[in-house]
Colleague: 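Handing you a structure now.
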Amino acid sequence: MSKWARHPPSARRVKLLLAVIAACLALYAVERWIGWPEFLTLTPERGSRVAR
């Protein structure tokens, strides 16, 4: 924060930072209220092993 106080970022960088934070909050809200889609969940198959 002291670096930002001494050398403030450009308006474009501040907008980018706010957009990233907003995207993270939106993803969190969707997962929290709607839930994680079943088709995106990885479920291991029974008996599948990596051959050595």
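Position 1 is the first residue of the sequence; numbering continues from there.
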Colleague: Just grab all the side chain to side chain donor-acceptor pair (under 3.5 Å) pairs involving residues 9-31, residues at least two apart or on different chains.
Modeller: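 The answer is none; no pair qualifies.
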Colleague: Among residues at least two apart in sequence or on other chains, which ones pass side chain to side chain donor-acceptor pair (under 3.5 Å) with Arg32?
Modeller: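 Scan of Arg32 (side chain to side chain donor-acceptor pair (under 3.5 Å), adjacent residues dropped) gives none.
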Colleague: Ile34: which other cluster members, linking ILVMFWY side chains closer than 4.5 Å, directly or transitively?
Modeller: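 Ile34 shares its hydrophobic cluster with Val30.
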